[in-house]
Amino acid sequence: MSVRTRFAPSPTGYLHIGGARTALFNWLYARKHGGSFILRIEDTDRERSTRESVNAILEGMAWLGLDYDEGPHFQSERFERYREVIHRLLEEGKAYYCYCTREELEAMRAEQMARKQKPRYDGRCRDRREPRPGVEPVVRFKNPLEGEVVVDDLVRGRVVFRNEELDDLIIARSDGTPTYNLTVVVDDLDMGVTHVIRGDDHLNNTPRQINILRALGAEPPRYAHVPMILGEDGSRLSKRHGAVSVLEYRDQGYLPEALLNYLVRLGWAYGDKEIFSIDEMIELFDIRDVNKSASTFNPAKLLWLNHHYIMHSDPLHVAHHLRWHLGRLGIDPAEGGPDPVDVVLAQRERCKTLREMAQGSAFFYRDFEHYDEKAVKHLKPQALEALKRLYQRLRDLEDWEPEPLHRVVVETAEELGLKLGKVAQPLRVALAGCAVSPPIDVTLHLLGKEKSLARVRRAIAYIEKKADQD
RNA sequence: GUCCCCAUCGUCUAGCUGGCCUAGGACACAGCCCUUUCAAGGCUGCGACACGGGUUCGAAUCCCGUUGGGGACGCCA
């Protein structure tokens, strides 16, 4: 039987880091085994599910390149099917109507907690025949009273639950809509899912789901519960730990392959290998090798990986993403200025994110408004002579290439008896408006003769005006 | 509280079928070198088997307990 995995998020927020890793593991497992990867949107909670969330999840998946072979299936479109299954369970005496009110249930829980017991439904409506006037009943699944359920988990190993620990969970709300534990079971069954790879937080649900599956006469799929991702304070990763949405990382200038590489190494390793291409992941990843313990999200390492990918990926590919970030700054390289590929080549060592690169490269495409306050100190009267001589030499230079440009700067420094930095820094600030840019010859080259000369003139004028004022 | 799960450097991890481990790699951090800015790069350093019992000639590796952490316990998923 061929492998079928699925990713089943509920659209109540954005696609977050943890979900993305679960999706990745499912995707990798399917790809590795030549199986299918299914996307299913679990939107049975109509109160909290939103269309925007669905879009954000789809967009995040697309950006990461996690393509699915089937779906997205929406649970909200399958209510008829769930109703049918619930009806069948009711008919067969494997489920029953429960007329307890929320208040009663709450009181029961409080009492059990007070007695230091695990709060669970006591089954008081199990054998009830008569409806209770004024109460719309829920439907509960009749969980076996005795025996145990064994979950033979691909990452956890053998985990045993006693049925006495479980209670009769609600499978249909009083408005008739199905609940999570019922819908997953039905869908995984209907969709032929062979491997359920999901977060650790579902491990406790698994025996209940297996029981429902058995009541339906089906055999459970293989399960793999992957450990959670924690924030830096050791609690479950959430918004307060900073960026958790996949699209937020895109916006901050991360490459999808960097995020994927970071995610795959969270809870999994292949010896000392740190860098994995997508193909290598597919080849080497095995769900059986995933760790059992939770791991802490480490933004610094992700940043390092991002920088690694910016430096070592095909510049053409990086440039593609850089264009997007330039676009966000209102810059269209097609309208003039250097080729983004050359910008990538010139900038990649010093930019850990593409957003940084776009910001640090904007000066190639448009004039900056002000000199950076930390850099402006280089534009002082002592630099005037150097800038003037540079201007003349640059103006007379025909061959606007890095080599001759480099010579111009070196010769100017020698002529004035200055260290190279004393000449290059003022020039850099004149050209870029700030103290950081690619090597000065490359910067001149990429900016072009016309713009370079104009900016040197601007800097000279700036210094002279400042001198007059003082 | 009850049940389930987990436990190697600050973080991600290698190790897992016991000896090759005076515990390896990566990130971060510190120092040095290189240097026309910022970087990148090179070298060096810092730094862990939670604790206590066993088993064994020998344990990070196996067993038990303690402690610590996480998760579940909803008419959320």
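Side chains included, hydrogens not; waters and symmetry mates left out as well; all remaining heavy atoms used. Since the structure is predicted, the reported quantities are computational estimates derived from the model, not experimental observations. Reminder, nothing fancy here: chain letters follow the sequence lines and each chain counts from 1.
Both the sub-6.0 Å distance and the 45° axial angle are satisfied by A/Arg140 relative to the ring of A/Tyr121.
Residue A/Tyr270 qualifies as open at atom OH: its count of foreign heavy atoms under 6.0 Å is 12 or below. Environment of CD in A/Glu136: sparse, with no more than 12 heavy atoms of neighbouring residues, nucleotides or ligands closer than 6.0 Å.
Atom CZ of A/Arg236 and atom C1' of B/A72 are 10 Å apart (whole Å). Per the geometry, CE belonging to A/Met228 stands 17 Å off C1' belonging to B/A7, to the nearest Å. Straight-line distance from the CD atom of A/Glu165 to the C1' atom of B/C73: 10 Å, rounded to whole Å.
An OP1 or OP2 oxygen of B/G74 is reached within less than 4.0 angstrom by a side-chain nitrogen or oxygen of A/Arg109. At the phosphate of B/U13, OP1 or OP2 sits under 4.0 Å from a side-chain N or O atom of A/Asn291. OP1 or OP2 of B/A77 has not a single side-chain nitrogen or oxygen of A/Thr179 nearer than 4.0 Å.
Centroid-to-centroid, the aromatic rings of A/Tyr180 and A/His202 come within less than 6.0 Å.
Side-chain N/O atoms of A/Asp168 and A/Asn143 include no donor and acceptor closer than 3.5 Å.
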Item checked: Contact letters for nucleotides 22-40 of chain B, in which S counts primed atoms plus P, OP1 and OP2 and B counts the base, heavy atoms under 4.0 Å -> --BBBS--------BBBBS
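In the region residues 42-52 of chain A, proximity to RNA chain B at under 4.0 angstrom, judged on heavy atoms, holds for A/Glu42, A/Thr44, A/Asp45, A/Arg48. A heavy atom closer than 4.0 Å to some atom of RNA chain B occurs in A/Cys100, A/Arg102, these being the qualifying members of residues 95-104 of chain A.
The side chain of A/Val159 lies closest to B/C5 when the candidates are B/G74, B/C3, B/C5. Comparing atom distances between the A/Arg156 side chain and each of B/U13, B/C5, B/C3 picks out B/C5 as nearest.
Residue contacts shown for A/Asp175 are absent, as no nucleic acid heavy atom lies under 4.0 Å away.
Ion pair A/Glu111/A/Lys116 not flagged as a salt bridge, since none of the NZ, NE, NH1 or NH2 atoms sits closer than 4.0 Å to an Asp/Glu carboxylate oxygen.
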